[in-house]
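A short write-up of the structure that comes next.
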Amino acid sequence: MSSPADRKDNGRDGRLSYSNQAEHYLRKELSEIAKKECIKYSKALGDCAKREGLLVAFKCRGENRSLNECLHAFTNDDNFKAYSKKRAEEIEASKS
């Protein structure tokens, strides 16, 4: 038999307090949306990395910057607040 300490989840999700879990999961959802929306920038960076090899940090700065700007456009605090409000409204609508 295992003790409760053995069964304890050591991952980040298991360490979050209950009040922070909802925010954490919403941020994960928003991050997944951002990754899907920015796939062309991600592919461009991947292609550049394959082409440049070890010099990727120096030769692919433009592609990296473009990817980061795209991801930030979706995951900034203003968009997170709007997304969390939208999800709260969806949840309330589904209860009705």
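FYI, the numbering just counts along the sequence from 1. Computed over heavy atoms, backbone and side chain alike; hydrogens, waters and symmetry mates excluded.
- Listed by chain and number, the residues in a salt bridge (Lys or Arg N to Asp or Glu O under 4.0 Å) with K43 amount to none (sequence neighbours excluded).
- Partners of K40 under the side chain to side chain contact (heavy atoms under 4.5 Å, CB included) rule, at least two apart in sequence or in another chain, do not exist in this structure.
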Side-chain donor-acceptor pairs of residues 47-72 under 3.5 Å, sequence neighbours excluded:
from, atom 1, to, atom 2, distance (Å)
R61, NE, A57, O, 3.3
S66, OG, G62, O, 3.0
N68, ND2, N64, O, 3.4

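- Listed by first and then second residue, the side-chain hydrogen bond (donor to acceptor under 3.5 Å, both in side chains) pairs that reach into residues 75-92 are E29-Y83, E29-R87, R87-E90, sequence neighbours excluded.
- Put simply, F80 and I33 are part of the same group of oily side chains (I, L, V, M, F, W, Y) that touch within less than 4.5 Å, one to the next.
- Grouped with F74 in a hydrophobic cluster is no other residue, since no side-chain heavy-atom contact under 4.5 Å to another Ile, Leu, Val, Met, Phe, Trp or Tyr is found.
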(message) Pair K36, E32 - check salt bridge (Lys or Arg N to Asp or Glu O under 4.0 Å), show working.
(response) CA-CA 6 Å; K36 288 177 185 173; E32 290 300 317; 5.9 Å; no
